[in-house]
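Keep in mind it's a predicted model, so treat the numbers as computed, not measured.
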Amino acid sequence: MAEQPIPAKRRYPKRGEPMRHLLAHMHDDCPKWPFARGKGGYGHIQHDGRVKDVHRLVCEMTHGPAPSPAHDAAHSCGKGREGCFGAGCISWKTKGENQADRIAHGTHDQGERQYAAKLAVAQVLEIRASEGSEPPRATAKRFGVSRATIRDIQRRRRWAWLAS
């Protein structure tokens, strides 16, 4: 009978270890959070009886409370999804400013990077190039989308940011 491998023991940090790590490394250059992270890659920490985003806690500790509920703790380094929690990288920004940073860093979820995207950039350009050469119904069937989607792409209501 073959020996069963011993499962790796799950390592939970000791009480206070995440906060000690945060305080010791938050002023480093783009430190990465080694503990719990959410699906987006952002670090989580238990603080004052609640689970908080590490980068938001660092922003509060460094710059004070958010100027308004509409402000995000934004990364100037573009490495938030990698778990960066460096105080020098994080500041309060409006949602619009944060989105502009994401576009500049190439970390946005625009176009085919968007989780529910059915089309790729090349296909959108092909749809625009085929305008007038075949009926929208045929184009829609070929790409597996609705006629309304084809019309919106051709009229630049969808994928408007994509130059063609």
Side-chain angles (χ1 to χ4, degrees), residues 4-5 7-13 18 22 29-47 50-60 66-164:
Q4 294 293 327
K9 190 173 183 180
R10 187 165 180 182
R11 181 187 174 274
Y12 290 99
L22 183 146
D29 187 30
C30 275
K32 304 297 182 270
W33 189 246
F35 303 105
R37 291 195 199 183
K39 285 184 181 177
Y42 294 92
H44 292 158
I45 189 169
Q46 180 109 12
H47 182 69
R50 299 176 60 180
V51 175
K52 287 188 132 185
D53 289 334
V54 173
H55 67 287
R56 191 164 180 93
L57 179 60
V58 168
C59 199
E60 289 171 358
S68 78
H71 280 76
D72 291 335
H75 290 83
S76 60
C77 62
K79 297 180 181 176
R81 290 185 175 189
E82 296 174 24
C84 173
F85 67 99
C89 304
I90 302 170
S91 63
W92 295 117
K93 293 191 178 180
T94 64
K95 295 200 182 298
E97 293 168 335
N98 195 12
Q99 185 62 22
D101 279 354
R102 292 177 70 207
I103 290 169
H105 298 136
T107 57
H108 56 84
D109 294 335
Q110 196 172 39
E112 58 194 26
R113 291 177 135 185
Q114 207 272 339
Y115 79 98
K118 291 184 177 182
L119 299 169
V121 170
Q123 291 173 309
V124 171
L125 295 175
E126 188 178 338
I127 289 168
R128 288 184 181 166
S130 71
E131 186 174 8
S133 65
E134 71 179 341
R137 177 178 286 162
T139 306
K141 187 173 183 179
R142 186 160 48 103
F143 289 99
V145 295
S146 70
R147 283 185 287 169
T149 297
I150 298 299
R151 186 174 51 250
D152 288 348
I153 288 170
Q154 291 173 340
R155 292 180 182 168
R156 309 301 196 269
R157 287 187 189 144
R158 291 190 188 192
W159 295 74
W161 56 271
L162 182 62
S164 59

Write out all pairs satisfying salt bridge (Lys or Arg N to Asp or Glu O under 4.0 Å) with one or both partners inside residues 115-124, taking only residues at least two apart or from two chains.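 For residues 115-124: none.
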Can you name the salt bridge (charged side-chain N to carboxylate O under 4.0 Å, His left out) partners of [X], sequence neighbours left out?
X: Lys52; value: Glu60
X: Lys79; value: none
X: Asp101; value: Lys93

Checking Trp33 side chain against Tyr42 main chain: does a donor-acceptor pair fall under 3.5 Å? no
For Arg56 and His47, what are the C-alpha separation, side-chain angles and deciding distance, and is it a side-chain contact (heavy atoms from CB on, under 4.5 Å)? CA-CA 12 Å; Arg56 191 164 180 93; His47 182 69; over 6 Å; no
Taking the side chain as C-beta and beyond, is there a heavy-atom pair between Gln46 and Phe35 under 4.5 Å?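 A side-chain contact is absent here, since even the closest heavy-atom pair is not under 4.5 Å.
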So, using side-chain hydrogen bond (donor to acceptor under 3.5 Å, both in side chains) as the criterion, who are the partners of [X] when residues are at least two apart?
X: Gln99; result: Arg102
X: His105; result: none
X: Lys95; result: Asp72

What residues, two or more places apart in sequence or in another chain, satisfy side chain to side chain contact (heavy atoms under 4.5 Å, CB included) together with [X]?
X: Ala100; answer: none
X: Thr139; answer: Ile127, Ser130, Glu134, Arg142, Phe143, Ile150
X: Pro67; answer: His71, Trp92
X: Arg158; answer: Thr149, Asp152, Ile153

To check you understand the geometry: which heavy-atom pair defines the closest contact between Trp159 and Ala120, and what is its length?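 Looks like CH2-C, 4.2 Å.
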Identify all side-chain donor-acceptor contacts of residues 81-90 below 3.5 Å with residues at least two apart in sequence or on another chain.
unit_1 : atom_1 : unit_2 : atom_2 : d
Arg81  : NH1    : Asp109 : OD1    : 3.4
Arg81  : NH2    : Asp109 : OD2    : 3.2

Enter the distance from Ser146:OG to Arg137:CZ here, rounded to the nearest 0.5 Å. 12.5 Å
